[in-house]
Amino acid sequence: MTQNSKLRTPIPYGRQHITEADIAAVVETLQSDFLTQGPKVAEFEQSFARYVGAKYAVAVSNGTAALHLCTMALGVNETSRVITTPITFVASANCVRYCGGTVEFADIDPATALIDIDKVRQMLESKPKGYYAGIIPVDFAGNPVNLEALRQLADEHGLWIIEDACHAPGGYFTDSHGEKQLCGNGRYADLAIFSFHPVKHIATGEGGMVTTNDEELYRKLLLYRTHGITREADLLEENHGGWYMEMQALGYNYRIPDMLCALGLSQLSRADEGLARRREIAQVYDAAFAGFQGIDRLVTTPEALAAGTGHAYHLYVVQVADRKGLYDYLREHNIFAQVHYIPAHTMPYYRNLGYKKGDFPEAEHYYDRCLSLPMYPTLTEEEQQFVIEKVKEFVANGR
Ligand SMILES: *Cc1c(COP(=O)(O)O)cnc(C)c1O
(Lines give C-alpha, C1' and ligand atoms only; values in the text may rest on other atoms or scores of the structure.)
Protein backbone atom coordinates (compact mmCIF):
# COMPACT_ATOMS: atom_id res chain seq x y z
CA MET A 1 0.00 0.00 0.00
CA THR A 2 1.12 3.52 -0.70
CA GLN A 3 1.59 6.26 1.84
CA ASN A 4 -1.72 8.00 1.17
CA SER A 5 -3.83 4.95 0.49
CA LYS A 6 -7.20 4.68 2.15
CA LEU A 7 -9.37 1.73 2.82
CA ARG A 8 -12.73 2.61 1.38
CA THR A 9 -14.89 2.05 4.44
CA PRO A 10 -14.33 4.11 7.55
CA ILE A 11 -12.86 2.15 10.46
CA PRO A 12 -14.37 3.23 13.78
CA TYR A 13 -12.77 2.54 17.18
CA GLY A 14 -15.63 0.26 18.14
CA ARG A 15 -18.83 -1.03 16.64
CA GLN A 16 -21.61 -3.52 17.13
CA HIS A 17 -21.91 -6.85 15.36
CA ILE A 18 -25.49 -7.69 14.38
CA THR A 19 -26.16 -11.12 12.85
CA GLU A 20 -29.18 -12.65 11.12
CA ALA A 21 -29.87 -14.55 14.34
CA ASP A 22 -29.97 -11.25 16.27
CA ILE A 23 -32.44 -9.80 13.77
CA ALA A 24 -34.61 -12.91 13.90
CA ALA A 25 -34.69 -12.76 17.70
CA VAL A 26 -35.91 -9.16 17.65
CA VAL A 27 -38.49 -9.83 14.94
CA GLU A 28 -39.83 -12.77 16.92
CA THR A 29 -40.36 -10.51 19.92
CA LEU A 30 -42.02 -7.85 17.76
CA GLN A 31 -44.51 -10.49 16.67
CA SER A 32 -45.14 -11.66 20.22
CA ASP A 33 -47.55 -10.22 22.79
CA PHE A 34 -44.90 -8.15 24.53
CA LEU A 35 -42.91 -5.17 23.37
CA THR A 36 -41.80 -4.47 26.91
CA GLN A 37 -41.81 -6.37 30.20
CA GLY A 38 -42.43 -9.76 28.67
CA PRO A 39 -40.52 -13.00 29.20
CA LYS A 40 -37.29 -11.87 27.50
CA VAL A 41 -36.39 -9.49 30.32
CA ALA A 42 -36.16 -12.21 32.96
CA GLU A 43 -34.53 -14.58 30.49
CA PHE A 44 -31.84 -12.02 29.69
CA GLU A 45 -31.32 -11.30 33.38
CA GLN A 46 -30.92 -14.96 34.25
CA SER A 47 -28.56 -15.68 31.37
CA PHE A 48 -26.49 -12.63 32.11
CA ALA A 49 -26.28 -13.43 35.82
CA ARG A 50 -25.05 -16.90 34.87
CA TYR A 51 -22.53 -15.46 32.39
CA VAL A 52 -20.86 -13.25 35.00
CA GLY A 53 -21.38 -15.65 37.90
CA ALA A 54 -23.67 -13.44 39.98
CA LYS A 55 -26.80 -14.45 41.86
CA TYR A 56 -29.07 -11.63 40.69
CA ALA A 57 -29.25 -9.39 37.63
CA VAL A 58 -31.58 -6.47 36.91
CA ALA A 59 -31.88 -5.31 33.30
CA VAL A 60 -32.36 -1.58 32.82
CA SER A 61 -32.65 1.07 30.12
CA ASN A 62 -28.92 1.94 29.99
CA GLY A 63 -25.68 1.77 31.95
CA THR A 64 -26.17 5.21 33.44
CA ALA A 65 -29.58 4.20 34.81
CA ALA A 66 -27.87 1.10 36.23
CA LEU A 67 -25.39 3.34 38.06
CA HIS A 68 -28.15 5.59 39.34
CA LEU A 69 -30.16 2.63 40.67
CA CYS A 70 -27.03 1.47 42.50
CA THR A 71 -26.39 4.80 44.21
CA MET A 72 -30.09 4.96 45.15
CA ALA A 73 -30.11 1.41 46.50
CA LEU A 74 -27.01 2.17 48.59
CA GLY A 75 -28.66 5.26 50.03
CA VAL A 76 -26.32 7.90 48.63
CA ASN A 77 -27.47 11.36 49.73
CA GLU A 78 -26.17 14.90 50.33
CA THR A 79 -23.87 13.68 53.10
CA SER A 80 -22.20 10.94 51.02
CA ARG A 81 -18.65 11.22 49.70
CA VAL A 82 -17.82 8.68 47.02
CA ILE A 83 -14.45 7.92 45.45
CA THR A 84 -14.04 7.18 41.75
CA THR A 85 -11.45 7.53 38.99
CA PRO A 86 -11.13 10.58 36.72
CA ILE A 87 -10.36 8.30 33.75
CA THR A 88 -13.81 6.98 33.05
CA PHE A 89 -16.97 7.89 31.25
CA VAL A 90 -18.52 10.72 33.28
CA ALA A 91 -21.56 8.61 34.20
CA SER A 92 -19.42 6.71 36.76
CA ALA A 93 -19.16 9.96 38.72
CA ASN A 94 -22.51 11.52 37.80
CA CYS A 95 -24.50 8.78 39.53
CA VAL A 96 -23.24 10.14 42.85
CA ARG A 97 -24.40 13.63 41.92
CA TYR A 98 -27.88 12.38 40.94
CA CYS A 99 -28.36 11.52 44.61
CA GLY A 100 -26.80 14.76 45.82
CA GLY A 101 -23.52 13.19 46.97
CA THR A 102 -19.98 14.49 46.57
CA VAL A 103 -17.58 12.97 44.03
CA GLU A 104 -13.99 12.53 45.25
CA PHE A 105 -11.52 11.46 42.59
CA ALA A 106 -8.44 9.32 43.20
CA ASP A 107 -5.68 9.53 40.58
CA ILE A 108 -4.81 6.60 38.30
CA ASP A 109 -1.92 4.18 38.14
CA PRO A 110 -0.17 5.25 34.90
CA ALA A 111 0.69 1.67 33.91
CA THR A 112 -2.95 0.57 33.72
CA ALA A 113 -5.02 3.79 33.90
CA LEU A 114 -6.98 2.02 36.65
CA ILE A 115 -7.72 3.79 39.93
CA ASP A 116 -4.54 3.74 42.04
CA ILE A 117 -5.36 1.62 45.07
CA ASP A 118 -2.48 3.12 47.07
CA LYS A 119 -3.92 6.58 46.49
CA VAL A 120 -7.32 5.33 47.63
CA ARG A 121 -5.68 3.93 50.76
CA GLN A 122 -3.99 7.26 51.47
CA MET A 123 -7.29 9.09 51.09
CA LEU A 124 -9.07 6.70 53.42
CA GLU A 125 -6.31 6.75 56.02
CA SER A 126 -6.20 10.55 56.08
CA LYS A 127 -9.83 10.78 57.23
CA PRO A 128 -11.85 9.37 60.11
CA LYS A 129 -13.83 6.20 59.45
CA GLY A 130 -17.21 7.05 57.97
CA TYR A 131 -15.91 10.08 56.07
CA TYR A 132 -16.28 8.27 52.74
CA ALA A 133 -19.39 6.26 51.90
CA GLY A 134 -18.25 4.20 48.96
CA ILE A 135 -16.05 3.66 45.98
CA ILE A 136 -16.80 3.17 42.27
CA PRO A 137 -13.83 1.48 40.57
CA VAL A 138 -13.90 0.99 36.79
CA ASP A 139 -12.50 -2.02 34.92
CA PHE A 140 -10.95 0.44 32.51
CA ALA A 141 -10.39 -0.75 28.93
CA GLY A 142 -11.41 -4.23 30.09
CA ASN A 143 -8.60 -4.68 32.62
CA PRO A 144 -10.26 -5.91 35.83
CA VAL A 145 -9.65 -3.88 38.96
CA ASN A 146 -8.30 -5.88 41.91
CA LEU A 147 -11.55 -5.90 43.84
CA GLU A 148 -10.16 -8.13 46.56
CA ALA A 149 -7.67 -5.43 47.55
CA LEU A 150 -10.36 -2.76 47.36
CA ARG A 151 -12.76 -4.89 49.40
CA GLN A 152 -10.22 -5.18 52.18
CA LEU A 153 -9.84 -1.39 52.27
CA ALA A 154 -13.58 -0.93 52.01
CA ASP A 155 -14.20 -3.25 54.96
CA GLU A 156 -11.59 -1.50 57.08
CA HIS A 157 -13.20 1.87 56.39
CA GLY A 158 -16.86 0.91 56.12
CA LEU A 159 -17.39 1.53 52.41
CA TRP A 160 -19.54 -0.09 49.80
CA ILE A 161 -18.26 -0.86 46.27
CA ILE A 162 -19.99 -0.43 42.91
CA GLU A 163 -17.91 -2.05 40.18
CA ASP A 164 -18.35 -0.22 36.88
CA ALA A 165 -17.76 -3.25 34.65
CA CYS A 166 -19.04 -1.68 31.41
CA HIS A 167 -15.72 -2.47 29.72
CA ALA A 168 -15.30 -5.95 31.07
CA PRO A 169 -18.04 -8.54 30.60
CA GLY A 170 -16.19 -11.85 30.52
CA GLY A 171 -13.07 -10.37 32.14
CA TYR A 172 -11.70 -11.76 35.39
CA PHE A 173 -8.92 -11.52 37.92
CA THR A 174 -7.57 -14.22 40.20
CA ASP A 175 -7.74 -13.57 43.91
CA SER A 176 -5.27 -14.51 46.64
CA HIS A 177 -7.07 -17.85 47.13
CA GLY A 178 -6.31 -18.68 43.51
CA GLU A 179 -9.97 -18.31 42.58
CA LYS A 180 -10.99 -16.81 39.28
CA GLN A 181 -13.33 -13.86 39.88
CA LEU A 182 -15.38 -12.78 36.90
CA CYS A 183 -16.10 -9.06 36.56
CA GLY A 184 -19.51 -8.36 37.98
CA ASN A 185 -19.79 -11.62 39.92
CA GLY A 186 -20.52 -9.80 43.15
CA ARG A 187 -17.93 -11.68 45.18
CA TYR A 188 -16.09 -8.54 46.35
CA ALA A 189 -18.27 -5.66 45.09
CA ASP A 190 -21.74 -4.97 46.47
CA LEU A 191 -23.08 -4.16 43.02
CA ALA A 192 -21.73 -4.14 39.48
CA ILE A 193 -23.03 -2.48 36.34
CA PHE A 194 -22.79 -3.09 32.60
CA SER A 195 -23.85 -1.16 29.49
CA PHE A 196 -25.17 -2.46 26.18
CA HIS A 197 -24.40 0.64 24.16
CA PRO A 198 -23.35 -0.32 20.59
CA VAL A 199 -19.61 0.07 21.27
CA LYS A 200 -19.71 -2.32 24.23
CA HIS A 201 -19.20 -6.10 24.05
CA ILE A 202 -22.91 -6.87 24.06
CA ALA A 203 -25.10 -4.39 22.18
CA THR A 204 -28.81 -3.69 22.52
CA GLY A 205 -28.69 -0.06 21.31
CA GLU A 206 -29.45 1.32 24.73
CA GLY A 207 -29.44 -1.03 27.68
CA GLY A 208 -27.75 -1.87 30.94
CA MET A 209 -27.56 -4.39 33.74
CA VAL A 210 -26.90 -4.42 37.46
CA THR A 211 -25.58 -7.60 39.06
CA THR A 212 -25.33 -8.43 42.76
CA ASN A 213 -25.37 -11.28 45.26
CA ASP A 214 -27.21 -9.19 47.85
CA GLU A 215 -30.92 -9.95 47.98
CA GLU A 216 -31.86 -6.78 49.83
CA LEU A 217 -30.13 -4.57 47.27
CA TYR A 218 -31.68 -6.65 44.51
CA ARG A 219 -35.18 -5.94 45.87
CA LYS A 220 -34.44 -2.21 45.99
CA LEU A 221 -33.18 -2.20 42.40
CA LEU A 222 -36.38 -3.85 41.23
CA LEU A 223 -38.47 -1.31 43.10
CA TYR A 224 -36.58 1.77 41.90
CA ARG A 225 -36.46 0.50 38.32
CA THR A 226 -40.19 0.88 37.99
CA HIS A 227 -41.39 4.02 39.79
CA GLY A 228 -40.96 2.55 43.28
CA ILE A 229 -44.08 0.53 42.56
CA THR A 230 -44.57 -3.04 43.73
CA ARG A 231 -47.36 -5.58 43.30
CA GLU A 232 -45.73 -8.34 45.29
CA ALA A 233 -48.24 -9.51 47.86
CA ASP A 234 -45.73 -10.06 50.65
CA LEU A 235 -44.37 -6.52 50.27
CA LEU A 236 -47.70 -4.65 50.25
CA GLU A 237 -48.84 -2.67 53.28
CA GLU A 238 -52.49 -3.10 52.30
CA ASN A 239 -54.25 -5.12 49.64
CA HIS A 240 -57.48 -3.98 47.98
CA GLY A 241 -57.69 -6.66 45.28
CA GLY A 242 -56.16 -7.90 42.08
CA TRP A 243 -55.48 -4.40 40.71
CA TYR A 244 -53.73 -3.24 43.82
CA MET A 245 -50.19 -1.95 43.79
CA GLU A 246 -48.24 0.42 45.99
CA MET A 247 -45.74 3.13 45.23
CA GLN A 248 -43.44 2.72 48.19
CA ALA A 249 -40.52 4.90 47.17
CA LEU A 250 -39.71 7.54 44.56
CA GLY A 251 -38.42 5.45 41.67
CA TYR A 252 -37.99 5.93 37.94
CA ASN A 253 -38.92 4.27 34.69
CA TYR A 254 -35.61 2.61 33.93
CA ARG A 255 -37.09 -0.46 32.26
CA ILE A 256 -35.67 -2.03 29.11
CA PRO A 257 -38.05 -3.30 26.39
CA ASP A 258 -38.48 -7.00 25.73
CA MET A 259 -37.26 -6.72 22.15
CA LEU A 260 -33.95 -5.28 23.31
CA CYS A 261 -33.59 -8.12 25.81
CA ALA A 262 -34.17 -10.57 22.95
CA LEU A 263 -31.32 -8.85 21.10
CA GLY A 264 -29.19 -8.93 24.25
CA LEU A 265 -29.81 -12.64 24.73
CA SER A 266 -28.83 -13.37 21.16
CA GLN A 267 -25.69 -11.23 21.52
CA LEU A 268 -24.83 -12.83 24.85
CA SER A 269 -24.79 -16.25 23.22
CA ARG A 270 -21.82 -15.03 21.11
CA ALA A 271 -20.05 -13.07 23.85
CA ASP A 272 -17.21 -15.56 24.29
CA GLU A 273 -16.58 -15.63 20.55
CA GLY A 274 -16.37 -11.84 20.48
CA LEU A 275 -14.03 -11.84 23.45
CA ALA A 276 -11.74 -14.38 21.79
CA ARG A 277 -11.56 -12.22 18.67
CA ARG A 278 -10.80 -9.12 20.77
CA ARG A 279 -7.95 -11.02 22.42
CA GLU A 280 -6.51 -11.92 19.00
CA ILE A 281 -6.69 -8.32 17.86
CA ALA A 282 -4.92 -7.19 21.04
CA GLN A 283 -2.17 -9.73 20.45
CA VAL A 284 -1.61 -8.47 16.92
CA TYR A 285 -1.34 -4.87 18.18
CA ASP A 286 0.93 -5.99 21.01
CA ALA A 287 3.30 -7.73 18.61
CA ALA A 288 3.22 -4.86 16.11
CA PHE A 289 4.03 -2.15 18.64
CA ALA A 290 6.39 -4.06 20.94
CA GLY A 291 9.60 -2.08 21.19
CA PHE A 292 8.46 0.48 18.62
CA GLN A 293 10.01 3.85 19.49
CA GLY A 294 7.47 6.51 20.42
CA ILE A 295 4.49 4.23 21.10
CA ASP A 296 3.69 3.42 24.69
CA ARG A 297 0.83 1.16 25.69
CA LEU A 298 -1.21 0.31 28.74
CA VAL A 299 -0.46 -3.16 30.03
CA THR A 300 -2.28 -5.68 27.89
CA THR A 301 -0.04 -8.71 27.49
CA PRO A 302 -0.46 -11.77 29.71
CA GLU A 303 3.14 -11.28 30.91
CA ALA A 304 2.54 -7.67 31.95
CA LEU A 305 -0.93 -8.11 33.47
CA ALA A 306 -1.40 -9.26 37.04
CA ALA A 307 -1.11 -13.06 37.16
CA GLY A 308 -4.35 -14.84 36.35
CA THR A 309 -5.97 -11.83 34.69
CA GLY A 310 -8.47 -12.18 31.87
CA HIS A 311 -8.44 -8.81 30.14
CA ALA A 312 -11.69 -8.12 28.27
CA TYR A 313 -10.07 -5.82 25.66
CA HIS A 314 -12.83 -3.26 25.34
CA LEU A 315 -10.25 -0.65 24.32
CA TYR A 316 -6.75 -0.87 22.92
CA VAL A 317 -4.95 2.29 24.02
CA VAL A 318 -1.67 3.61 22.68
CA GLN A 319 0.12 6.63 24.13
CA VAL A 320 2.09 8.96 21.90
CA ALA A 321 3.68 12.41 22.23
CA ASP A 322 1.65 14.01 19.42
CA ARG A 323 -1.74 12.51 20.11
CA LYS A 324 -3.68 15.20 18.25
CA GLY A 325 -1.41 14.76 15.24
CA LEU A 326 -1.95 11.01 15.24
CA TYR A 327 -5.70 11.39 15.71
CA ASP A 328 -5.92 13.77 12.75
CA TYR A 329 -3.62 11.67 10.59
CA LEU A 330 -5.69 8.55 11.16
CA ARG A 331 -8.88 10.44 10.36
CA GLU A 332 -7.39 11.54 7.06
CA HIS A 333 -7.05 7.85 6.34
CA ASN A 334 -10.60 7.03 7.37
CA ILE A 335 -9.56 5.58 10.70
CA PHE A 336 -11.69 6.97 13.52
CA ALA A 337 -9.65 6.41 16.65
CA GLN A 338 -11.04 7.92 19.84
CA VAL A 339 -9.90 9.35 23.16
CA HIS A 340 -10.89 7.60 26.40
CA TYR A 341 -11.26 9.68 28.41
CA ILE A 342 -11.10 13.41 28.96
CA PRO A 343 -10.53 13.38 32.74
CA ALA A 344 -13.89 13.85 34.45
CA HIS A 345 -12.56 16.42 36.92
CA THR A 346 -11.56 18.74 34.06
CA MET A 347 -15.10 18.89 32.69
CA PRO A 348 -16.70 22.33 33.23
CA TYR A 349 -19.38 20.76 35.42
CA TYR A 350 -16.84 19.29 37.84
CA ARG A 351 -14.64 22.38 37.63
CA ASN A 352 -17.65 24.35 38.82
CA LEU A 353 -17.74 22.03 41.82
CA GLY A 354 -14.20 23.01 42.73
CA TYR A 355 -11.91 20.72 40.73
CA LYS A 356 -9.21 22.15 38.52
CA LYS A 357 -6.53 21.11 36.07
CA GLY A 358 -3.49 19.90 37.97
CA ASP A 359 -5.51 18.07 40.63
CA PHE A 360 -4.80 14.61 39.20
CA PRO A 361 -1.54 14.79 37.24
CA GLU A 362 -1.35 11.12 36.25
CA ALA A 363 -4.84 11.23 34.74
CA GLU A 364 -4.04 14.46 32.92
CA HIS A 365 -0.72 13.19 31.59
CA TYR A 366 -2.44 10.02 30.42
CA TYR A 367 -5.15 12.07 28.70
CA ASP A 368 -2.59 14.18 26.86
CA ARG A 369 -1.13 11.12 25.15
CA CYS A 370 -3.85 8.45 24.87
CA LEU A 371 -5.65 7.19 21.78
CA SER A 372 -7.91 4.14 21.50
CA LEU A 373 -7.31 2.21 18.27
CA PRO A 374 -10.03 0.25 16.46
CA MET A 375 -11.01 -2.79 18.56
CA TYR A 376 -14.12 -4.82 17.77
CA PRO A 377 -14.73 -8.41 16.72
CA THR A 378 -15.51 -7.71 13.05
CA LEU A 379 -12.34 -5.66 12.47
CA THR A 380 -10.66 -7.53 9.63
CA GLU A 381 -6.99 -8.49 9.51
CA GLU A 382 -6.53 -6.22 6.52
CA GLU A 383 -8.12 -3.30 8.34
CA GLN A 384 -6.01 -3.88 11.43
CA GLN A 385 -2.81 -4.06 9.36
CA PHE A 386 -3.79 -0.78 7.71
CA VAL A 387 -4.32 0.82 11.13
CA ILE A 388 -0.95 -0.46 12.37
CA GLU A 389 0.80 0.77 9.24
CA LYS A 390 -0.70 4.26 9.56
CA VAL A 391 0.08 4.53 13.28
CA LYS A 392 3.69 3.49 12.75
CA GLU A 393 4.05 5.72 9.72
CA PHE A 394 2.91 8.76 11.67
CA VAL A 395 4.98 8.04 14.76
CA ALA A 396 8.11 7.30 12.72
CA ASN A 397 7.87 10.24 10.27
CA GLY A 398 5.27 12.70 11.44
CA ARG A 399 3.03 13.79 8.58
C1 LIG B 1 -20.68 3.10 28.51
C2 LIG B 1 -20.27 3.39 29.90
C3 LIG B 1 -21.17 3.86 30.86
C4 LIG B 1 -22.57 4.30 30.56
O5 LIG B 1 -23.35 3.43 29.88
P6 LIG B 1 -24.60 3.95 28.99
O7 LIG B 1 -25.29 2.68 28.66
O8 LIG B 1 -24.04 4.65 27.81
O9 LIG B 1 -25.42 4.84 29.86
C10 LIG B 1 -20.71 4.00 32.16
N11 LIG B 1 -19.45 3.73 32.49
C12 LIG B 1 -18.55 3.32 31.59
C13 LIG B 1 -17.15 3.02 32.03
C14 LIG B 1 -18.92 3.14 30.26
O15 LIG B 1 -18.02 2.74 29.37
Side-chain angles (χ1 to χ4, degrees), residues 12-16 44 48 52 57-72 82-99 103 105-106 108 112-115 134-145 147 161-171 183-184 189 191-211 221 225 252-257 260-261 263-264 267-268 274 278 298 311-317 338-345 347 349-350 363 366-367 370 372 375-376:
Y13 86 89
R15 64 162 300 156
Q16 73 276 20
F44 187 32
F48 195 87
V52 303
V58 177
V60 294
S61 46
N62 56 68
T64 304
L67 283 161
H68 187 194
L69 287 181
C70 290
T71 48
M72 285 181 76
V82 177
I83 300 171
T84 191
T85 166
I87 296 298
T88 185
F89 183 58
V90 286
S92 315
N94 295 349
C95 63
V96 175
R97 298 293 306 136
Y98 294 154
C99 295
V103 178
F105 296 102
I108 58 163
T112 57
L114 296 175
I115 198 166
I135 175 160
I136 306 177
V138 178
D139 299 316
F140 179 75
N143 187 7
V145 147
L147 287 173
I161 300 175
I162 302 170
E163 177 188 11
D164 183 336
C166 284
H167 296 186
C183 295
L191 295 157
I193 71 106
F194 295 86
S195 161
F196 307 126
H197 181 276
V199 297
K200 310 290 162 80
H201 289 47
I202 295 161
T204 62
E206 299 286 354
M209 193 76 81
V210 187
T211 56
L221 298 169
R225 173 176 63 179
Y252 293 83
N253 177 354
Y254 281 166
R255 296 185 303 255
I256 179 172
L260 296 188
C261 289
L263 178 55
Q267 292 255 314
L268 182 59
R278 286 173 183 273
L298 292 177
H311 196 300
Y313 301 111
H314 171 59
L315 302 174
Y316 192 93
V317 181
Q338 190 50 277
V339 171
H340 299 94
Y341 290 95
I342 303 165
H345 71 281
M347 291 290 179
Y349 174 80
Y350 284 100
Y366 166 80
Y367 165 64
C370 70
S372 304
M375 165 59 87
Y376 49 92

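The chain is numbered in sequence order, starting from 1. In listed order, ligands and their atoms are each counted from 1. Bear in mind the structure is a predicted one, so any value in this text is a computation, not a measurement.
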State whether the side chain of Asp164 and the backbone N or O of Cys166 hold a donor-acceptor pair below 3.5 Å, judged by distance alone.
-> yes
If you measure every N/O of His197 against every N/O of ligand 1, is any gap under 3.5 Å?
-> no
Does His314 approach ligand 1 within less than 4.0 angstrom via side chain, backbone, both or neither, non-hydrogen atoms only?
-> neither
Nearest to atom 8 (O) of ligand 1, what protein heavy atom do you find, and at what distance?
-> Ser195 OG, 4.0 Å
Which atom of Pro86 lies closest to which atom of His345, heavy atoms considered | CB-ND1, 3.5 Å
Ranked by distance from atom 2 (C) of ligand 1, the top protein heavy atom is Lys200 NZ, 2.6 Å
Could you list which atoms of ligand 1 come closer than 4.0 Å to a heavy atom of Ser92?
-> 11 (N)
Should the pair Phe194 and Phe48 be assigned to parallel (<30°), tilted (30 to 60°) or perpendicular (>60°) ring geometry?
-> perpendicular
Enumerated ligand 1 atoms positioned under 4.0 Å from heavy atoms of Asn62 | 7 (O), 9 (O)
Relative to the ring of His167, is the ring of His314 parallel (under 30°), tilted (30 to 60°) or perpendicular (over 60°)?
-> tilted
Met72 versus Tyr252: any side-chain heavy-atom pair under 4.5 Å?
-> yes
Side chains of Tyr349 and Arg97, donor plus acceptor under 3.5 Å = yes
Ligand 1 atoms nearer than 4.0 angstrom to some heavy atom of Tyr341 are 15 (O)
Nearest protein heavy atom with distance in Å, relative to atom 9 (O) of ligand 1 | Thr64 OG1, 2.5 Å
Is there a side-chain contact between Val82 and Ile136, using heavy atoms and a 4.5 Å cut-off?
-> yes
Has ligand 1 got any nitrogen or oxygen that is less than 3.5 angstrom from a nitrogen or oxygen of Glu206?
-> no
Proximity flag Phe194 to ligand 1, non-hydrogen atoms under 4.0 Å = no
The reported gap from CG in Leu298 to CG in Asn143 (rounded to nearest 0.5 angstrom) is 8.5 Å
Do Thr88 and ligand 1 have an N or O pair less than 3.5 Å apart?
-> no
Residue and atom name of the nearest protein heavy atom (relative to atom 12 (C) of ligand 1), distance in Å to one decimal | Asp164 OD2, 3.5 Å
What atoms in ligand 1 come closer than 4.0 Å to a heavy atom of Gly63?
-> 5 (O), 6 (P), 7 (O), 9 (O)
Are the aromatic rings of Tyr13 and Tyr316 close, with centres under 6.0 Å apart?
-> no
